[in-house]
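Reviewing the structure listed below.
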Amino acid sequence: MIRWIDVLSYNNALRQLSPMWKSSFAALMFLLSYTVHPVLQAAITLWMMSWCILQARIPFRAYGKLFGTALLFYALSVPALLVEFGHPAAGEAGIFPLTGLNLPVYVTAAGLQRAGELLARISACMSCFFFLMFTTPFSELLQVLRRLRMPQIVLELMLIMYRFLFLLSDAAHGLLLARRLRGGRRGYKARMRETAAMAGALFGNTMHRYYGLSQGLLARGFTDEIILPPYTARPVPLRYSIQAYAGIALLLLAEAYFITNT
Amino acid sequence: MDQESSLACDGVVFHYPDTKEPALHELTFSIPAGSKTAVLGHNGSGKSTLFLHAVGILRPQQGTVMQGGKALSYSKKELAALRRKVGLVFQDPEQQLILSTPLEDVSFGLRGSGMAEPAIAARCREVMELLNLTGLGDKPIHQLSLGQKKRTALAGVLAMEPELILLDEPTSYLDPLSETQMLKGLEAIHAKGTTVVMATHDMDLAYRWADWIIVLEHGRCRAAGTPEEIFAGREELLSIGLGLPLLADLWFSLPASLTAGQSAPRTAGEFKVKLHKLLALNHSYS
């Protein structure tokens with residue numbers, strides 16, 4: 001999945017758009033996602049989705065898969081948000097009472113509303129992140145962060161982690177493939193033992209790669225810092241600017257309407 | 001070769017911790033400046049360790065490593081200067097590709113040396129063209145093929161315009177096309193006067209490419225000389241299990257009475273010409 005996202009971030013229709021503009025747009029929409037009415041949060045989700053799927057031409061399957069995976073975490077927390085044990089307090093009308101059990105279990109309207117609001121907010125915030133993730137390559141994000149005066153050490157760590165992510169995924173894939181080709185082992189215990197051995201081998205591999213990369217850095221004249229390429233500003237086509245500003249203005253107007261009418 | 005040496009070792013000894021045998025054992029040799037040198041040897045013969053010494057990553061426990069006739073000094077400033085003059089291309093390109101795209105990675109060393117951005121862009125374009133990497137500059141490193149990664153790693157070193165380039169098994173795992181592209185790039189670099197040193201197991205490649213050969217065995221220099229000199233001593237090569245290049249093997253398999261006094265051909269074309277001459281001579285006698 002990581003590799004897929006990375007490939008898409010380098011090959012999408014919004015790739016040539018200024019990374020700073022995309023980051024600012026995503027950040028602003030993220031802030032709005034936190035503050036506006038849940039109905040508008042749902043609208044933001046759909047709008048940001050349309051930026052990714054229709055404008056950037058990110059395949060719906062990739063987007064849906066990532067969105068669904070992220071929502072799984074929400075789904076896991078839903079029972080904790082919804083389900084109450086015991087008897088509803090006065091005025092707290094329980095709906096969907098599950099009376100078959102000894103301990104009364106119920107779901108309240110307030111719980112449902114809370115879960116719904118949370119879903120709207122999570123979806124909106126995630127769609128803003130996904131916009132940035134799918135349309136901006138990591139190297140450009142680093143340039144943006146550098147321009148925003150992120151400490152050099154943090155940028156270097158992020159860069160090395162990014163490189164290692166793929167190296168490790170390759171190593172893990174190789175180990176897994178080798179295990180499969182040898183037929184693997186049967187039985188739960190044997191499989192667990194083998195998984196542990198694989199984790200050990202992966203750790204060894206990581207250390208080997210780390211040692212190699214340090215030598216590589218030294219050989220290439222690394223002294224104290226990895227100097228990243230400077231940020232290069234790119235123009236933003238007018239149609240994207242108009243769409244973005246018009247959308248934000250509409251959202252703000254709608255929010256003002258919701259505030260005055262509630 | 002009576003020339004100034006680009007890289008030389010004098011009695012270099014190096015032991016890795018927790019190993020019985022030294023990786024380099026009183027290693028003494030010299031590589032002529034401006035040469036195309038192949039370092040031959042089995043796995044574990046000390047080729048990679050030697051290269052790590054040449055860029056000052058490892059320090060000999062005894063003996064001296066010299067670059068350009070001067071013994072290496074291990075101060076931070078001297079090492080930085082050395083690594084601008086001596087470029088090392090590792091066998092595994094993942095070991096030296098640091099940034100996320102080829103263009104960024106090739107410019108890594110240049111940016112570190114304080115070069116101006118327009119000059120960096122021009123130099124990167126030049127080396128990427130030379131190594132047939134144009135059009136890949138903006139692609140993430142992990143999406144490149146092994147051949148492209150190897151050429152990117154070489155481009156990063158070439159961009160620094162070093163006096164000496166060390167390549168650890170540059171053609172291993174490469175398909176013939178990638179190997180040809182890599183060798184073409186190396187030829188162009190050598191033509192500019194750079195000394196190119198390649199560690200390899202590929203006897204055929206060493207035979208047709210190099211003009212100076214060093215044979216390492218158990219961390220010692222077993223032989224050094226021109227390809228003709230090295231491959232003429234075929235019993236010695238066979239005794240250390242390195243074998244002979246196919247062309248030399250074919251040549252030496254001809255009756256000694258025919259090939260006496262002639263050096264073995266270095267290329268298939270040369271072999272063909274020599275064989276034609278021999279056959280014509282033989283025919284006229286009979």
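Order of the sequence lines sets the chain letters (A, B, ...), proteins ahead of strands, with each chain counted from 1.
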Can you check whether anything in residues 150-165 of chain A gets within less than 4.5 Å of chain B, heavy-atom wise, and list it by number?
A/Leu159, A/Tyr162, A/Arg163
Contacts with chain B made by residues 198-212 of chain A (heavy-atom distance under 4.5 Å), listed by residue number
A/Arg209, A/Gly212
Does any backbone or side-chain atom of A/Ile227 lie under 4.5 Å from a heavy atom of chain B? Answer side chain, backbone, both or neither.
both
Could you grab the distance from atom [atom1] of [X] to atom [atom2] of [Y], nearest 0.5 Å is fine?
{"X": "B/Arg83", "Y": "A/Leu217", "atom1": "CZ", "atom2": "CG", "value": "10.5 Å"}
{"X": "A/Phe166", "Y": "B/Gln143", "atom1": "CZ", "atom2": "CD", "value": "8.0 Å"}
{"X": "B/Phe90", "Y": "A/Arg220", "atom1": "CZ", "atom2": "CZ", "value": "10.0 Å"}
{"X": "A/Leu228", "Y": "B/Phe108", "atom1": "CG", "atom2": "CZ", "value": "9.5 Å"}

Verdict with supporting geometry, A/Val7 and B/Lys139, side chain to side chain contact (heavy atoms under 4.5 Å, CB included):
CA-CA 9 Å; A/Val7 171; B/Lys139 209 174 170 186; over 6 Å; no
Tell me, side chain or backbone of [X] under 4.5 Å from chain A's heavy atoms, or both, or neither?
{"X": "B/Leu99", "answer": "both"}
{"X": "B/Ser107", "answer": "neither"}
{"X": "B/Ile141", "answer": "side chain"}

Evaluation steps, side chain to side chain contact (heavy atoms under 4.5 Å, CB included), between A/Leu213 and B/Gln95
CA-CA 5 Å; A/Leu213 198 67; B/Gln95 215 169 324; 5.7 Å; no
Just do the side chain to side chain contact (heavy atoms under 4.5 Å, CB included) check on B/Leu88 and A/Gln215 with the steps written out, would you?
CA-CA 10 Å; B/Leu88 171 58; A/Gln215 282 191 340; over 6 Å; no
